[in-house]
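The structure presented is a predicted model; accordingly, all values stated were derived computationally and were not measured. Below, chains carry the letters A, B, ... as their sequence lines are ordered, and counting in each starts from 1.
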Number of protein chains: 2
Amino acid sequence: MTKPATIRDVARRAGVSSATASRALNNSPLVNHDTKRRIVAVAEELAFAPSLSARRLSLGKTQTITVVVSFLTRPQAAERLRGIDAALADSEFDLNIYNVETVEKRDQYFRTLPLRQRTDGLLVVSLPPPGHNLSRLERSDVPIVFIDALENTANLPRVLGDDVAGGELATQHLLDLGHRRIGYVGDAFDNPFGFTSSRDRFDGFERALASAGIEVGEQDVALGAHGRYEARDLAARMLSHPDRPTAIFASSDTQALGVLAAAQDLGLHVPVDLSVIGYDDIEACDFVGLTTVRQHLFESGRQGADLLMAEIAERSATPQAVVLQPSIIQRRTTAPRKEVPHQD
Amino acid sequence: MTKPATIRDVARRAGVSSATASRALNNSPLVNHDTKRRIVAVAEELAFAPSLSARRLSLGKTQTITVVVSFLTRPQAAERLRGIDAALADSEFDLNIYNVETVEKRDQYFRTLPLRQRTDGLLVVSLPPPGHNLSRLERSDVPIVFIDALENTANLPRVLGDDVAGGELATQHLLDLGHRRIGYVGDAFDNPFGFTSSRDRFDGFERALASAGIEVGEQDVALGAHGRYEARDLAARMLSHPDRPTAIFASSDTQALGVLAAAQDLGLHVPVDLSVIGYDDIEACDFVGLTTVRQHLFESGRQGADLLMAEIAERSATPQAVVLQPSIIQRRTTAPRKEVPHQD
DNA sequence: ACTATCGTTGCAAGCGGTTACATGAAAGCG
DNA sequence: CGCTTTCATGTAACCGCTTGCAACGATAGT
């Protein structure tokens, strides 16, 4: 209806200047206790709310943190976002969100978002920047923190899970159960976004096997597009071979669920005939009983946001890299290898 | 490093006034084609990016849409968010997000967020406003659109699924399969947030049964806290009775999964001994094979955002209520009632 | 030749806050 | 009592952009 009250309205009504009103409302010590009370009362009465734009312009800060996240709907992303929100909830910062599901959007956002005129800080979640942007981002005048991206390639602050260690952990879990032939089902290493988790987890996989003296057979590695159905088909091919692995490590829970479906189609009993382990620990794992590798999703969001706020407060010379260690969550899809007549 | 370029820098360098520069960069027709080209070139050269705060202050708009969402991590919420993002992606609006998981946060946000000084429009997702705020919200000077909340109680624009119809649909599906004793497992009708979906779905449930001439037995209704484990316990009690229902309608997929777990614990085969239907169609349904009622989550987000932008452009006198109709997704947990010796 | 019109451009006043600096009153002090 | 300090407040500039209005030269109309 009517124009909202400005600070000058408050000042006039309280019989002071706008400067004093501003000071009073910002808890400056430079104002008398009684006049402050009066001003606060008037502000209340007029339902005064400061214009954020004016405030920001005047302060030269946006008081805004921008989050760029890939595939918002993936359970991992939502959980990380929650961590970020939790860290920011009681701060002065507003949270701006941009979702990326195409390479075009990614490039657009990396071009237009990291600007002091737009935001005080940028949080990039699960989205490696294109290589040609790296040096520009490193020199950016707005602080940028990466979550779940950007291994050791760049000199930028980041918090990430140790995918290699996670892959090793998963594989070691299967080795400990006596498995010797272990398959890997994961995302193709090459993808338009440059996601590296599948490759890294595979590296961990290989490393664990290597230190157990096992070489990875080519027929035990199946890579394809991300998705449950794709994984089911890959696994079906791998498992229908008579000489098949006794366990499979899938590079994500989604894909592990596909592997389970394939096993069921082929009449293989999990975990008796086949052990399956996934990665991420999404909610579905719990009701399917899927053994998996848990990442600290919420924590990664929270710590990323904290790191960013620290950078905003004072830019650090040497960017910090926080690494969160994954852990095994054992459920009902992994078991000791079935005894077979001929031993090796 | 150095201060970012302002529009005056651009203007000076291009040999024009800041007014002309502004007009040129905003595609005003009031500027000569050649000078415009020159200005644009200089802007490019100086990597000029307008200060959003200054722009907003000057325009008197925040160019920001604020979303308040309850339980960000629930799959439904994330999917709706994606719809909102899609609608906004090519608009001028930035997206501000606030997550609510406690009543305190809800009240805080309803108090401080719907202000013209903060946002151009408010999108409230799956969060009924506390009753004492309603009249204030109806008179709010910033447009508010509700998604998945606020049935017909208030005179505010909204887009929602028809939960009563959904409940009826689910129940009718079971009736069509020959079931006569149908149980209901859902959220307690009273809850701190005032969520009504469980009650509404139950209303549909009752209505379908009533028009089939069936009365709902008290022992066939189990209400409790939201969650899979809680639902499992409720269902276990209901099903361990010798005189038990042959089908169960759960008010959410999460709870339906709990019902499935209970059935399994009791050695009941689904769908032979028991049919189960859920609600929402979350991702997990697909890999469990759960029959369910699908809502248009993405659509609800998109349409809500569109509605809000329309309201921002021009406030409509009579708030629109968009209702999205749910539909049955049949999978493998519902089947015709098993033939029994004694017929009724 | 004079004026009305049109296309371009500049001037300057906002938008609504914050804050450096000036000011004035009261208090402290030798 | 005069001087410095301290505390509280006001004045006015500024943040960077937009835009109503005035101005001005060129063109057209009579």
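When heavy atoms are screened at a 4.0 angstrom cut-off, B:Leu57 is found touching base atoms of the nucleic acid. Among the heavy atoms of the strands lying under 4.0 Å from A:Ser51 are primed sugar atoms or P, OP1, OP2 only; no base atom is included. If you check every strand for non-hydrogen atoms under 4.0 Å, B:Leu30 touches a base.
Set against D:dT18, C:dG10, C:dT18, the side chain of B:Ser58 has D:dT18 as its closest nucleotide. Distances from the side chain of B:Asn26 to the nucleotides D:dT18, C:dT18, D:dG16 place D:dT18 closest. Closest to the side chain of B:Arg23, out of D:dT19, C:dT18, D:dT18, is D:dT19. Ranking C:dG10, C:dA20, D:dT18 by closeness to the B:Ala19 side chain, first place goes to C:dG10.
The interatomic distance linking B:Leu25 (CG) with D:dG16 (C1') rounds to 13 Å, in whole Å. Rounded to whole angstrom, the span from the CZ atom of B:Arg55 across to the P atom of C:dG14 amounts to 21 Å. Atom P of nucleotide C:dG16 and atom CG of A:Leu52 are separated by 13 Å, given to the nearest angstrom. The CZ atom of A:Arg116 sits 13 Å away from the P atom of D:dC17 (whole-angstrom rounding). As rounded to whole Å, 18 Å separates atom P of D:dC17 from atom NZ of B:Lys61. What separates NZ of B:Lys36 from C1' of C:dG7 is a distance of 15 Å, to the nearest Å. As rounded to whole Å, 17 Å separates atom P of D:dG16 from atom CZ of A:Arg118. Separating the CZ atom of B:Arg37 from the P atom of C:dT8 is a distance of 14 Å, rounded to the nearest angstrom.
Put simply, the side chain of B:Arg56 and the base of D:dG16 share no donor and acceptor less than 3.5 Å apart.
Residues B:Phe110 and B:Val124 have side chains in contact (heavy-atom distance under 4.5 Å, counting atoms from C-beta outward). A:Phe93 places none of its side-chain heavy atoms less than 4.5 Å from the side chain of A:Thr62.
Distances shorter than 4.0 Å separate some side-chain N or O of B:Thr20 from OP1 or OP2 on C:dG10. Between D:dC7 and A:Asn32, no contact under 4.0 Å exists linking OP1 or OP2 to a side-chain N or O. Put simply, A:Thr35 has a side-chain N or O that comes within less than 4.0 Å of OP1 or OP2 on D:dT9.
Between B:Arg8 and A:Thr6, it is B:Arg8 whose nearest contact on DNA chain C lies nearer the 5' terminus. In terms of position on DNA chain D, the residue among A:Val31 and A:Ser18 whose nearest nucleotide sits closer to the 5' end is A:Val31.
Applying the side-chain contact (heavy atoms from CB on, under 4.5 Å) test between B:Asp94 and each of B:Thr66, B:Leu52, B:Leu88 identifies B:Leu52 as the sole match.
Put simply, CG on B:Asp85 and CD1 on A:Ile97 are 9.0 Å apart, with the number rounded to the nearest 0.5 Å.
Contact check on A:Glu92 versus A:Lys61 returns no salt bridge, with no Lys/Arg side-chain nitrogen under 4.0 Å from an Asp/Glu carboxylate oxygen.
At most 12 non-hydrogen atoms from other residues, nucleotides or ligands lie less than 6.0 angstrom from CZ of A:Arg37.
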